[in-house]
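Okay, structure first, notes after.
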Amino acid sequence: MKSLVSTLSLDQAPIGRTLTIAATCDDGVVARRLTSLGWRVGVQIQVTQRASGGARIIDLNGSRVAVSRNLARALPVEVAA
Amino acid sequence: MSQSNQTNTDGVDSRRLLPITVTPSNPPRRDDSVSVTLDAAVRSESSAHPVVSPAKLVGSIATGRACCRTQDEVATGGKTIALVGAPNVGKSTLFNALTGSRVTMGNWPGTTVEVSRGVWRYRADATTCDCETCQCEPDRDGSTLARRRESTIIDLPGAYSLDSTSPDEELTHELVAADTAQTPDLFVAVVDAAHLSRSLYLVAELREQARRLVVAVTMSDVARRHGIEVDTYALSEALGVPVVRVDPRHRVGLDTLTRVFLDALAAPIPASRSRLSGDSDADERFAWIAEAVNQGTVYKGTTHQQFSDKVDRFVLAPVVGPMIFLGVMWLVFQITTTVAAPLQDGLESIVSGPVADAATWALVQIGLGGSWVEGLVVSGLISGVGMLLSFTPLMALMFILLALLEDSGYLARAAVLTDRVMGALGLPGRAFLPLVVGFGCNVPGIAATRVLSTPRQRLLTVMLIPFTACSARLTVFVMLGSVFFGKWAGTAVFVMYVVSILLVVVAGFALRSTLWRSMMAEPLVIDLPPYQVPTVRLTCSVAWTRLKGFLQTASGIIVATVVLVWLAQAIPVNGGVFGQIEVEDSAYAWLARQVAPLFSLAGFGSWQTVSALVVGFVAKEAVISSWGQTYAVADPDDYFSLGQHIQAAFETSSGGHTLPAVAALMIFFLAYTPCVATLAAQTREVGWKWTGFGVVMQLVVASVMSIAVFQIGSLFL
């Protein structure tokens, strides 16, 4: 059976669903910072919470990382349909 | 703590102690002194049998003799150990635990990166002894011979990787990559057991260099709560370096760490890790890390809903979160103002009361009563020291609060909550805290800029804090407001606060669009460490180190300024005896008269007002009493009689446009250098060059604004 996968930006991702990181961001400095926190293509994450002000809290390798809403818009993730 | 206790609380199995320190890169050497000690250490832990003949345990409790050689002496003495690791992994906590308060903080030569250096004192087991009659220091239970030794430990700034995206990471990168005299002999990578894969990225990079490396695993208790158990033995095998579990917050594992340090220092420099070809740098490292984590950790059960997540449901929630944040900020503000105030007043009254009286009495006894010496000692030195001391409880409270906020994990949440609002001003979310504190008092506000992650953000915020209207300035605003604006006094004071906020915003934009054009608003990516209960010992130790740093810098600046002002007021210009003249006849008043015409454009060009500005530079709290002194008013708190004098002076200096002139003066009070203690705090944080730049910037802003207010205002009023 063919599984359906849709790509959306992190800020659109539903809370609590398992997501797969589809790409990193273009900004070199931010990309390096994300990489050092464990953000790389193929890693599975979850959005645990939408914080006040729009930041997304994600579960990345068991730790919690807050990502501003603007940055979340630029980060593509995949979600199994 | 005895070593057998250590073994239990540390969670390190004594059977595994030997393999932990003997790894593929640090192979066993049965025939040399190191392995002898390792065996001895294991034996003494497991059986507590003496390993040294009792016949040798004769002698002094001094530092031992050269005939007793310790492991680190096998190579050479005077080693340097550098602690590296990501932020929030307990690196500085480990540093404090190893060094106690024997710490100096300062910039790394040629950089703006602040590093702490400390002395690590430890007892090294004597591995060989060829004395006729041994005088090495016996252990407490008489089982081993030991000598007291010292090494330098450097606490490098937090860095996630060696990719140099900031000056902090750049420094770590240089120290690791280049072979210089400054290259540390041993690197200790502090890693977080709860976030092992992330922490190991730096280890992966360090292993690509031929450096002595020890991995210290912290936060094992947090990891255990997440269902993760780190197997230090397996992890050590996978990483190819010694791995030790430590809990610096409770000083557990430090003895084991000491032994591992000594082993590593005595061992030859291990070869660097050979890279697997094919993948890109980062992918290869992640693959290596994934393998190490796989081997080195055991998952016990599923990760349950974490306590931190539950707390964050409230702390980061849309409406409740900001309310909790405002509550915390209110508490910080209250503590640094209302709670600190009685302590400050108490200390100051002790100095200006009993201490000053005792000094006066002593001077009278030796025949110097009423002389200039009394003036210098009591009005100069002692009042300067009193002023410095009055800031001590305030700063101590501020540093304790900072340490609590950082250690508990709340600060990272506060940064998330304020990111959007502060981002609109081009500042990071964390800048909220120093600015809020600044409205209470600028001095602890500047100290609170340490919560900011990059030196540039810190510098920008330090430049902006003097524009926040502190409570000392409020006293001046209230007095001028009630004298000149009557029932509109409250509105006048409120306008000052609005102008203060506008100044912060406008100056922030101005600085970022001129000096720091490359400083983009960085998008928020922040790690939220799990909440934890701050430990008293750590909080106090961090607060004390910071307080000591402040006092070291501030003491000279504050005392010197107070003495200088006294001196200017003591030098006669119209005849009279040095130290026994009215302020009006002093060099101070003469200087004020020379400068006064410059302020006539702003409508307050009288020497009394200008001299109040100078006093305000020393301390805003002193402005009203000094005005009283200048106008010879008996009770300066009696605003009515003082007000009449000031009103008369303003009518003359402003040519009848009193209100615009007063408004201009209030603006000037708001915008120019807050006080000498602020300068001391700024010098401490960003150095005297930037402090000087700040002073000039504030004077320009204050002058331009006050002239504009008077010139425009006098067209209408």
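Source: prediction; values computed, not measured.
Of the charged side-chain nitrogens involved, none lies within less than 4.0 Å of a carboxylate oxygen, so that B:D312 and A:R64 do not count as a salt-bridged pair.
Shortest non-hydrogen contact noted between A:I57 and B:L316 is CD1-CD1, 3.7 Å. When every heavy atom of A:S52 is checked against every heavy atom of B:P322, the shortest pair comes out as OG-CG, 3.4 Å. When all heavy atoms of B:P318 and A:R50 are compared, the closest pair comes out as CD-O, 4.4 Å. What you find for A:Q49 and B:R313 is that their closest heavy atoms are NE2-CA, 3.5 Å.
Of the atoms belonging to A:A66, heavy atoms from both backbone and side chain fall under 4.5 Å from chain B.
Heavy-atom pairs under 4.5 Å with chain A peak, among B:V525, B:V315, B:D527, at B:V525.
A heavy-atom distance below 4.5 Å is not found between the side chains of B:I526 and A:V65.
Rounding to the nearest 0.5 Å gives a distance of 10.5 Å between CG of B:L524 and CG of A:N70.
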